[in-house]
S.K.: 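Pasting a structure below so you can have a look.
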Amino acid sequence: MPELPEVEVVRRGLERWVGGRTVAAVEVLHPRAIRRHLAGPADFGTQLTGQRLGAARRRGKYLWLPVGDGSRAVLAHLGMSGQLLVQPPDAPDEKHLRVRIRFADTEGTELRFVDQRTFGGLSLHDTVLGDPDGLPDVIAHIARDPLDPAFDDAAFHTALRGRRTTVKRALLDQSLISGVGNIYADEALWRTRLHYERPTAGLTRPRTAELLTHIREVMNEALAAGGTSFDSLYVNVNGQSGYFDRSLDAYGREDEPCRRCGTAIRRRPWMNRSSYFCPRCQRPPRAA
DNA sequence: CGTGGCCCCTGATTGC
DNA sequence: TGCAATCAGGGGCCAC
């Protein structure tokens with residue numbers, strides 16, 4: 001699954017292989033992949049053709065490429081199964097190829113958006129006026145991610161304390177902190193010895209600081225591992241950073257021993273997905 | 001307006 | 001062996 005580190009790997013790939021190139025043609029093979037572009041797939045192609053793309057940016061799991069003078073940007077989200085691939089034009093179409101972007105140069109590659117489950121997509125938006133990052137307006141509500149140097153730890157703690165919710169819900173709330181998904185949430189909570197249902201209102205400042213440290217550590221470790229496992233021709237991996245999977249301590253380890261205390265890791269259904277935790281290291285909050 | 005539940009989608013896996 | 005149910009999960013949307 002593309003998590004923040006994989007998305008960052010993709011961003012670097014786009015910066016290297018796509019930045020500065022001019023779009024010659026856009027082919028939309030599945031309209032759902034362009035659904036956020038309200039004017040429709042044809043307009044998406046028309047607006048993009050002839051435009052020069054700038055250096056890729058990222059916030060959380062969102063990626064964008066400035067278009068032309070930077071007043072607009074192509075926004076990309078990989079969803080669950082999305083890939084952005086730089087391919088030679090004669091490479092056979094991927095089974096789930098959704099969008100193809102050809103360039104007006106002789107570099108001999110094209111950009112492909114491939115997405116089995118079509119939870120992801122591409123779209124074109126105006127950028128927030130005066131924003132130094134050229135943030136697309138539709139993601140202005142997305143909080144900075146914990147690897148962003150401008151992420152405000154103190155403000156995050158205050159916001160957490162003000163919410164009447166539980167800690168894992170808060171970690172997945174993109175308006176509080178972005179880039180943390182189900183896997184990283186479970187890993188960071190395990191490292192912090194926090195149960196996923198702990199109310200945010202009870203978190204102390206040092207506890208929040210600890211949690212942020214662990215989120216950053218696990219993401220940086222995954223980024224380092226993900227960075228090693230791909231081919232330079234591809235802009236990203238296929239979503240399975242196989243190498244980091246072996247470093248997981250909680251996620252996907254039901255019935256396996258906790259690496260700290262040996263107690264069997266448990267899995268609980270949670271919000272139509274799963275939460276993995278150590279019942280000994282991560283004690284549930286006292287029932288209200 | 002904050003909170004929480006539902007649903008979008010396809011393929012691999014599991015169970016009867 | 002075949003088919004249905006389940007699961008994966010980000011995030012927009014909407015009801016309360």
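Naming: A, B, ... by sequence-line order, numbering from 1 per chain.
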S.K.: On DNA chain C, does the nearest nucleotide to A:Gln116 precede the nearest nucleotide to A:Ile142 from the 5' side, or the other way round? Give the residue.
M.R.: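 Whichever sits nearer the 5' end wins; that is A:Gln116.
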
S.K.: Looking at A:Arg98 and A:Asp115, is there a salt bridge between them, counting it only when a charged N and a carboxylate O are closer than 4.0 Å?
M.R.: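 No, this pair does not count.
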
S.K.: Starting at atom CZ of A:Arg268, determine the distance to atom C1' of C:dC7, rounded to an integer number of angstrom.
M.R.: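 Value for this atom pair: 17 Å.
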
S.K.: Taking atom types as modelled and ignoring hydrogens, do the side chains of A:Ser123 and A:His125 form a donor-acceptor contact shorter than 3.5 angstrom?
M.R.: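 Indeed, the side chains of A:Ser123 and A:His125 share at least one donor-acceptor pair under 3.5 Å.
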
S.K.: Just the rounded figure in Å: distance from C1' of C:dG10 to CG of A:Leu75.
M.R.: 14 Å

S.K.: Inspect the contact between A:Arg102 and A:Glu27 and indicate whether a charged nitrogen and a carboxylate oxygen are less than 4.0 angstrom apart.
M.R.: yes

S.K.: At what distance, to the nearest 0.5 angstrom, does OG of A:Ser274 lie from CD1 of A:Ile183?
M.R.: 11.0 Å

S.K.: In whole Å, I'd like the distance from the CE atom of A:Met80 to the P atom of C:dC7.
M.R.: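 To the nearest whole Å, that distance equals 14 Å.
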
S.K.: Determine, for A:Asp152 against A:Arg144, whether the closest basic-nitrogen to carboxylate-oxygen distance falls under 4.0 angstrom.
M.R.: no

S.K.: Indicate yes or no: does A:Glu197 engage A:Lys168 in a salt bridge with an N to O separation below 4.0 Å.
M.R.: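 No salt bridge links A:Glu197 with A:Lys168.
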
S.K.: For the residue pair A:Gln87 / A:Glu94, report whether a side-chain donor-acceptor contact shorter than 3.5 Å exists.
M.R.: yes

S.K.: Across the strands shown, which category fits A:His141 at heavy-atom distances under 4.0 angstrom: base, sugar-phosphate, nothing?
M.R.: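 Sugar-phosphate contact only - A:His141 comes under 4.0 Å of backbone atoms but never of a base.
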
S.K.: Does C:dG12 have OP1 or OP2 under 4.0 Å away from a side-chain N or O of A:Tyr62?
M.R.: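 Yes, A:Tyr62 has a side-chain N/O under 4.0 Å of OP1/OP2 on C:dG12.
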
S.K.: Write down the distance between CD1 (A:Ile139) and P (C:dG10), rounded to a whole number of angstrom.
M.R.: 17 Å

S.K.: A:Lys61 versus A:Leu78: any side-chain heavy-atom pair under 4.5 Å?
M.R.: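 A side-chain contact is absent here, since even the closest heavy-atom pair is not under 4.5 Å.
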
S.K.: Would A:Arg260 count as a cation-pi partner of A:Trp190, with NZ or CZ less than 6.0 Å from the six-membered ring centre and within 45° of the ring normal?
M.R.: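 Satisfied, under 6.0 Å and within 45°.
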
S.K.: Judged by each residue's nearest nucleotide on DNA chain C, which is more toward the 5′ side, A:Gln174 or A:Arg117?
M.R.: A:Arg117

S.K.: Round to the nearest Å and state the distance from A:Trp270 atom CH2 to C:dA8 atom C1'.
M.R.: 15 Å

S.K.: Between C:dA8 atom P and A:Asn182 atom CG, what is the distance in whole Å?
M.R.: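 Going from CG in A:Asn182 over to P in C:dA8 covers 8 Å.
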
S.K.: Going through the distances and angles, do A:Gln282 and A:Arg198 end up as a side-chain contact (heavy atoms from CB on, under 4.5 Å)?
M.R.: CA-CA 10 Å; A:Gln282 297 165 268; A:Arg198 192 66 74 85; over 6 Å; no

S.K.: Look at the side chain of A:Arg273 against the base of C:dG10 and say whether a donor-acceptor pair falls under 3.5 Å; ignore hydrogens and angles.
M.R.: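 Looking at the base of C:dG10, it does pair with a donor or acceptor on the side chain of A:Arg273 (distance under 3.5 Å).
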
S.K.: Let me know the distance between CG of A:Asp115 and C1' of C:dG9, rounded to the nearest Å.
M.R.: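 It is 12 Å, rounded to the nearest whole Å.
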
S.K.: Is it the case that A:Arg117 places NZ or CZ above or below the six-membered ring of A:Phe119, under 6.0 angstrom from the centre and within 45 degrees of the axis?
M.R.: yes

S.K.: Please report the end-to-end axis angle for the helix from B:dG2-C:dC16 to B:dC16-C:dG2, five pairs per end, rounded to 10 degrees.
M.R.: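 Rounded value for the end-axis angle: 60°.
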
S.K.: Can you measure A:Asp173 atom CG to C:dG12 atom P for me and round it to whole angstrom units?
M.R.: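 That distance rounds to 11 Å.
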
S.K.: Residues from residues 156-164 of chain A sitting under 4.0 Å of DNA chain C, heavy atoms only?
M.R.: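 Under 4.0 Å from DNA chain C: no residue of residues 156-164 of chain A.
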
S.K.: Test A:Asp145 against every option in A:Arg216, A:Gln174, A:Arg58 by the side chain to side chain donor-acceptor pair (under 3.5 Å) rule and name the one that passes.
M.R.: A:Arg58

S.K.: Under 4.0 Å from any heavy atom of chain A: name the first and the last nucleotide of DNA chain B that qualifies, 5' to 3'.
M.R.: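 Nucleotide range with atoms under 4.0 Å of chain A: B:dT3 to B:dG11.
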
